[in-house]
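Report on one structure; see the data block that follows.
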Amino acid sequence: MGTGRRAASLPVSFFRRDPVTVARELLGMTLVTGVGRGRTAGRIVEVEAYLGAEDPASHAFEFRRHAQNAALYGPAGTWYVYLSYGMHWCANLVAGPPGHGAAVLLRALEPIEGLPAMRRRRGTFPDRLLCAGPGRLCQALGITRALDGTRREAGTALVIPPASGGSPEIAVSRRIGLTRAADWPLRFTIRGSPWVSRRVVER
DNA sequence: GCGCCGATTGGCT
DNA sequence: GCCAATCGGCGCC
(Lines give C-alpha, C1' and ligand atoms only; values in the text may rest on other atoms or scores of the structure.)
Protein backbone atom coordinates (compact mmCIF):
# COMPACT_ATOMS: atom_id res chain seq x y z
CA MET A 1 0.00 0.00 0.00
CA GLY A 2 1.17 3.57 -0.07
CA THR A 3 3.79 2.99 2.60
CA GLY A 4 6.59 4.31 0.45
CA ARG A 5 8.74 1.35 1.41
CA ARG A 6 11.75 0.75 -0.78
CA ALA A 7 11.22 -1.53 -3.77
CA ALA A 8 14.23 -3.77 -3.31
CA SER A 9 15.00 -5.37 -6.65
CA LEU A 10 15.22 -9.15 -6.67
CA PRO A 11 18.71 -10.36 -7.66
CA VAL A 12 19.24 -12.34 -10.86
CA SER A 13 20.24 -15.26 -8.63
CA PHE A 14 16.64 -15.41 -7.37
CA PHE A 15 15.36 -16.18 -10.87
CA ARG A 16 18.25 -18.42 -11.92
CA ARG A 17 17.11 -21.23 -9.62
CA ASP A 18 14.75 -23.94 -10.88
CA PRO A 19 11.35 -22.61 -12.03
CA VAL A 20 9.38 -24.54 -9.39
CA THR A 21 11.30 -22.86 -6.58
CA VAL A 22 10.97 -19.48 -8.24
CA ALA A 23 7.24 -20.01 -8.79
CA ARG A 24 6.61 -20.95 -5.15
CA GLU A 25 8.64 -18.04 -3.81
CA LEU A 26 6.90 -15.48 -6.02
CA LEU A 27 3.65 -16.22 -4.15
CA GLY A 28 2.92 -13.42 -1.71
CA MET A 29 5.08 -10.90 -3.54
CA THR A 30 3.59 -7.72 -4.98
CA LEU A 31 3.49 -6.87 -8.68
CA VAL A 32 3.47 -3.12 -9.35
CA THR A 33 2.94 -1.30 -12.64
CA GLY A 34 2.47 2.33 -13.58
CA VAL A 35 4.94 3.63 -11.00
CA GLY A 36 4.74 7.41 -11.06
CA ARG A 37 1.42 7.59 -12.87
CA GLY A 38 -1.68 5.47 -12.50
CA ARG A 39 0.03 3.06 -10.17
CA THR A 40 -1.60 -0.37 -9.85
CA ALA A 41 -0.52 -3.26 -7.66
CA GLY A 42 -1.56 -6.75 -6.68
CA ARG A 43 -0.37 -9.59 -4.47
CA ILE A 44 0.62 -12.69 -6.43
CA VAL A 45 -1.68 -15.54 -5.36
CA GLU A 46 -1.42 -17.98 -8.29
CA VAL A 47 1.43 -18.97 -10.63
CA GLU A 48 2.37 -21.84 -12.90
CA ALA A 49 5.82 -23.21 -13.74
CA TYR A 50 6.78 -24.04 -17.33
CA LEU A 51 9.93 -26.11 -17.45
CA GLY A 52 11.32 -25.19 -20.86
CA ALA A 53 12.75 -27.54 -23.46
CA GLU A 54 11.55 -30.78 -21.85
CA ASP A 55 8.03 -29.53 -21.04
CA PRO A 56 5.50 -30.25 -23.84
CA ALA A 57 3.33 -27.35 -22.67
CA SER A 58 6.17 -24.83 -22.73
CA HIS A 59 6.57 -22.38 -25.57
CA ALA A 60 10.24 -23.41 -25.45
CA PHE A 61 9.48 -27.14 -25.88
CA GLU A 62 12.35 -28.76 -27.77
CA PHE A 63 13.97 -25.32 -27.92
CA ARG A 64 11.35 -24.12 -30.37
CA ARG A 65 12.16 -20.52 -31.14
CA HIS A 66 10.50 -17.79 -33.18
CA ALA A 67 10.15 -14.03 -33.23
CA GLN A 68 7.49 -13.87 -30.53
CA ASN A 69 9.15 -16.00 -27.85
CA ALA A 70 12.73 -14.73 -28.10
CA ALA A 71 12.47 -13.24 -24.59
CA LEU A 72 12.10 -16.77 -23.17
CA TYR A 73 15.75 -17.35 -24.04
CA GLY A 74 16.92 -14.17 -22.38
CA PRO A 75 18.51 -13.89 -18.94
CA ALA A 76 16.66 -15.07 -15.84
CA GLY A 77 14.29 -12.36 -14.62
CA THR A 78 13.38 -11.20 -18.12
CA TRP A 79 9.70 -10.59 -18.84
CA TYR A 80 8.13 -12.83 -21.48
CA VAL A 81 4.72 -11.48 -22.57
CA TYR A 82 2.81 -13.30 -25.30
CA LEU A 83 -0.56 -12.95 -26.99
CA SER A 84 -2.92 -15.78 -26.07
CA TYR A 85 -5.69 -16.84 -28.44
CA GLY A 86 -5.07 -13.72 -30.47
CA MET A 87 -6.50 -11.42 -27.79
CA HIS A 88 -5.12 -11.66 -24.27
CA TRP A 89 -1.64 -10.79 -23.01
CA CYS A 90 -0.05 -13.23 -20.57
CA ALA A 91 2.99 -12.34 -18.45
CA ASN A 92 5.84 -14.66 -17.47
CA LEU A 93 9.18 -14.22 -15.71
CA VAL A 94 12.06 -16.21 -17.18
CA ALA A 95 13.60 -18.60 -14.65
CA GLY A 96 16.27 -21.26 -14.46
CA PRO A 97 19.49 -21.72 -16.41
CA PRO A 98 20.12 -19.36 -19.34
CA GLY A 99 18.86 -20.53 -22.73
CA HIS A 100 16.61 -23.28 -21.40
CA GLY A 101 13.33 -21.41 -21.82
CA ALA A 102 11.82 -22.08 -18.38
CA ALA A 103 9.45 -19.47 -16.99
CA VAL A 104 6.79 -18.71 -14.40
CA LEU A 105 3.35 -17.60 -15.63
CA LEU A 106 1.52 -15.10 -13.39
CA ARG A 107 -2.07 -16.37 -13.20
CA ALA A 108 -3.86 -14.34 -10.53
CA LEU A 109 -3.41 -11.40 -8.18
CA GLU A 110 -5.24 -10.04 -5.18
CA PRO A 111 -5.90 -6.42 -6.19
CA ILE A 112 -4.14 -4.11 -3.71
CA GLU A 113 -3.77 -0.63 -5.19
CA GLY A 114 -5.26 1.35 -8.07
CA LEU A 115 -8.57 -0.47 -8.23
CA PRO A 116 -10.31 2.39 -10.08
CA ALA A 117 -7.70 2.17 -12.85
CA MET A 118 -8.12 -1.60 -12.96
CA ARG A 119 -11.90 -1.29 -13.22
CA ARG A 120 -11.52 1.29 -15.98
CA ARG A 121 -9.30 -1.01 -18.01
CA ARG A 122 -11.36 -4.12 -17.38
CA GLY A 123 -14.85 -2.71 -17.81
CA THR A 124 -17.86 -3.51 -15.69
CA PHE A 125 -17.09 -6.80 -14.05
CA PRO A 126 -17.12 -7.80 -10.37
CA ASP A 127 -13.90 -6.96 -8.51
CA ARG A 128 -13.48 -10.66 -7.83
CA LEU A 129 -12.53 -11.05 -11.52
CA LEU A 130 -10.25 -8.01 -11.84
CA CYS A 131 -7.04 -10.05 -11.77
CA ALA A 132 -8.35 -13.65 -11.70
CA GLY A 133 -6.60 -15.10 -14.73
CA PRO A 134 -3.44 -14.45 -16.74
CA GLY A 135 -5.24 -12.35 -19.36
CA ARG A 136 -7.34 -10.46 -16.84
CA LEU A 137 -4.42 -9.43 -14.63
CA CYS A 138 -2.50 -8.11 -17.63
CA GLN A 139 -5.50 -6.09 -18.73
CA ALA A 140 -6.06 -4.73 -15.20
CA LEU A 141 -2.40 -3.71 -14.76
CA GLY A 142 -1.95 -2.43 -18.30
CA ILE A 143 0.62 -5.07 -19.25
CA THR A 144 1.19 -5.52 -22.99
CA ARG A 145 3.90 -6.64 -25.38
CA ALA A 146 5.73 -3.42 -24.45
CA LEU A 147 6.97 -5.25 -21.33
CA ASP A 148 8.21 -8.24 -23.33
CA GLY A 149 11.98 -8.71 -23.25
CA THR A 150 12.59 -6.10 -20.57
CA ARG A 151 14.42 -6.89 -17.36
CA ARG A 152 12.69 -6.90 -14.03
CA GLU A 153 14.82 -3.92 -13.01
CA ALA A 154 13.55 -1.84 -15.92
CA GLY A 155 10.86 -0.28 -13.78
CA THR A 156 7.76 -0.66 -15.94
CA ALA A 157 6.70 -3.66 -13.85
CA LEU A 158 8.23 -4.44 -10.49
CA VAL A 159 8.07 -7.52 -8.29
CA ILE A 160 8.48 -6.61 -4.64
CA PRO A 161 8.95 -9.07 -1.75
CA PRO A 162 6.73 -8.55 1.29
CA ALA A 163 8.17 -6.21 3.90
CA SER A 164 7.91 -8.89 6.57
CA GLY A 165 6.14 -12.08 7.51
CA GLY A 166 6.66 -15.74 6.81
CA SER A 167 6.04 -17.56 3.56
CA PRO A 168 2.41 -18.30 2.72
CA GLU A 169 0.95 -21.81 2.84
CA ILE A 170 1.01 -23.22 -0.71
CA ALA A 171 -1.44 -25.52 -2.48
CA VAL A 172 -0.25 -27.56 -5.49
CA SER A 173 -2.56 -28.52 -8.36
CA ARG A 174 -2.47 -29.29 -12.06
CA ARG A 175 -1.97 -26.59 -14.65
CA ILE A 176 -5.02 -24.97 -16.23
CA GLY A 177 -6.22 -25.09 -19.82
CA LEU A 178 -3.52 -27.29 -21.32
CA THR A 179 -3.90 -30.12 -23.79
CA ARG A 180 -0.36 -31.42 -23.35
CA ALA A 181 1.25 -32.32 -20.02
CA ALA A 182 -2.03 -31.17 -18.49
CA ASP A 183 -1.68 -33.15 -15.28
CA TRP A 184 1.77 -32.02 -14.25
CA PRO A 185 1.43 -30.58 -10.70
CA LEU A 186 2.97 -27.21 -11.50
CA ARG A 187 0.26 -24.77 -10.47
CA PHE A 188 0.89 -23.07 -7.13
CA THR A 189 -1.61 -21.00 -5.19
CA ILE A 190 -1.79 -19.37 -1.79
CA ARG A 191 -4.01 -21.75 0.15
CA GLY A 192 -7.50 -20.39 0.70
CA SER A 193 -7.11 -17.26 -1.43
CA PRO A 194 -10.46 -16.16 -2.90
CA TRP A 195 -8.65 -14.41 -5.76
CA VAL A 196 -7.49 -17.47 -7.74
CA SER A 197 -8.55 -17.93 -11.37
CA ARG A 198 -10.14 -21.35 -10.98
CA ARG A 199 -11.03 -23.60 -8.08
CA VAL A 200 -8.00 -25.40 -6.67
CA VAL A 201 -8.25 -29.20 -6.86
CA GLU A 202 -5.44 -30.86 -4.94
CA ARG A 203 -4.59 -34.48 -5.64
C1' DG B 1 -1.16 -20.54 -49.54
C1' DC B 2 -4.65 -22.88 -46.30
C1' DG B 3 -6.43 -24.87 -42.24
C1' DC B 4 -5.86 -26.10 -37.65
C1' DC B 5 -4.55 -25.26 -32.95
C1' DG B 6 -3.65 -22.83 -28.52
C1' DA B 7 -0.48 -21.34 -21.24
C1' DT B 8 -8.12 -17.29 -22.52
C1' DT B 9 -12.21 -15.00 -21.81
C1' DG B 10 -17.09 -13.75 -21.78
C1' DG B 11 -21.66 -14.56 -23.33
C1' DC B 12 -25.26 -17.73 -24.13
C1' DT B 13 -27.80 -22.42 -24.04
C1' DG C 1 -21.37 -26.57 -20.03
C1' DC C 2 -20.55 -24.96 -24.85
C1' DC C 3 -18.57 -22.00 -28.19
C1' DA C 4 -17.01 -17.84 -30.84
C1' DA C 5 -13.53 -14.19 -31.03
C1' DT C 6 -8.89 -13.41 -33.06
C1' DC C 7 -4.02 -14.10 -34.64
C1' DG C 8 0.66 -16.13 -35.06
C1' DG C 9 3.05 -20.45 -35.74
C1' DC C 10 3.23 -24.68 -37.83
C1' DG C 11 2.15 -28.73 -40.76
C1' DC C 12 0.83 -29.98 -45.01
C1' DC C 13 -0.89 -29.49 -49.98
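Chain A is the first sequence line, chain B the second, and so forth, proteins listed ahead of strands; every chain is numbered from 1.
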What's the [atom1]-[atom2] distance between [X] and [N], to the nearest Å?
X        : N     : atom1 : atom2 : result
A:Gln139 : B:dT8 : CD    : C1'   : 11 Å
A:His59  : B:dC5 : NE2   : P     : 16 Å
A:Gln68  : B:dG6 : CD    : C1'   : 14 Å
A:Arg121 : B:dT9 : CZ    : P     : 17 Å
A:Glu62  : C:dG9 : CD    : P     : 18 Å
A:Phe61  : B:dG6 : CZ    : P     : 14 Å
A:Asp148 : C:dG8 : CG    : P     : 14 Å
A:Asp55  : B:dA7 : CG    : P     : 10 Å

Practice task
Find the partner of C:dT6: check Watson-Crick (N1-N3 plus N6-O4 or O6-N4) and G-U wobble (N1-O2, O6-N3) distances, both under 3.5 Å, and reply none if neither fits.
Solution key: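 Check on C:dT6: unpaired, no WC or wobble geometry under 3.5 Å.
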Handout entry: Residue matched to B:dA7 through Watson-Crick or wobble contacts both under 3.5 angstrom
Key =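 Pairing partner: none.
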Out of [options], which has the shortest distance to the side chain of [X]?
X        : options               : answer
A:His88  : C:dC10, B:dT8, B:dA7  : B:dT8
A:Arg136 : B:dG10, C:dG9, B:dA7  : B:dG10
A:Arg64  : B:dG11, B:dT8, C:dG11 : C:dG11
A:Met87  : C:dG9, C:dT6, B:dA7   : C:dT6
A:Ser84  : C:dT6, B:dG10, B:dT8  : B:dT8

Handout entry: Toward the 5' end of DNA chain B, by each residue's nearest nucleotide, A:Leu83 or A:Gly133
Key =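 Between the two, 5'-proximity favours A:Leu83.
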Handout entry: Upstream residue (5' side of DNA chain B) when A:Ile176 and A:Arg122 are each assigned their closest nucleotide
Key =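 The answer here is A:Ile176.
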Exercise for the section: Check if the side chain of A:Tyr82 and the base of B:dA7 share a donor-acceptor pair of N or O atoms closer than 3.5 Å. Expected result: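 Yes, the side chain and the base share a sub-3.5 Å donor-acceptor pair.
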Exercise for the section: Under 4.0 Å between any heavy atoms, over every strand shown, what does A:Arg175 touch: base, sugar-phosphate, or nothing? Just pick one. Expected result: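 Touches nothing.
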Practice task
Remember a base hit wins even if backbone is also touched, and classify A:Glu48 as base, sugar-phosphate or nothing at under 4.0 Å, heavy atoms.
Solution key: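 The residue A:Glu48 makes no contact with any strand.
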Exercise for the section: Drop me the distance from A:Arg187's CZ to A:Ile176's CD1, to the nearest 0.5 angstrom. Expected result: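 A:Arg187 CZ to A:Ile176 CD1: 4.0 Å, rounded to 0.5 Å.
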Practice task
Determine if A:Tyr85 stacks with C:dA5; use a centre-to-centre distance below 5.5 Å and an interplanar angle below 30° as the criteria.
Solution key: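 Given the distance and angle limits, no, they do not stack.
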Exercise for the section: Could you work out the separation of C:dG8 and B:dG10 based on their C1' atoms and round it to a whole Å? Expected result: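 It comes out at 22 Å once rounded to the nearest Å.
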Write down the atom of [X], the atom of [Y], and the distance for their closest heavy-atom approach.
X        : Y        : value
A:Val32  : A:Ala41  : CG2-CB, 4.0 Å
A:Glu46  : A:Arg198 : OE1-N, 4.3 Å
A:Gly101 : A:Ser58  : O-OG, 3.9 Å
A:Arg43  : A:Pro168 : NH2-CB, 4.4 Å

Exercise for the section: Please indicate whether A:Arg128 has more than 12 foreign heavy atoms, meaning atoms of other residues, nucleotides or ligands, lying under 6.0 Å from its CZ. Expected result: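 Above 12, so yes.
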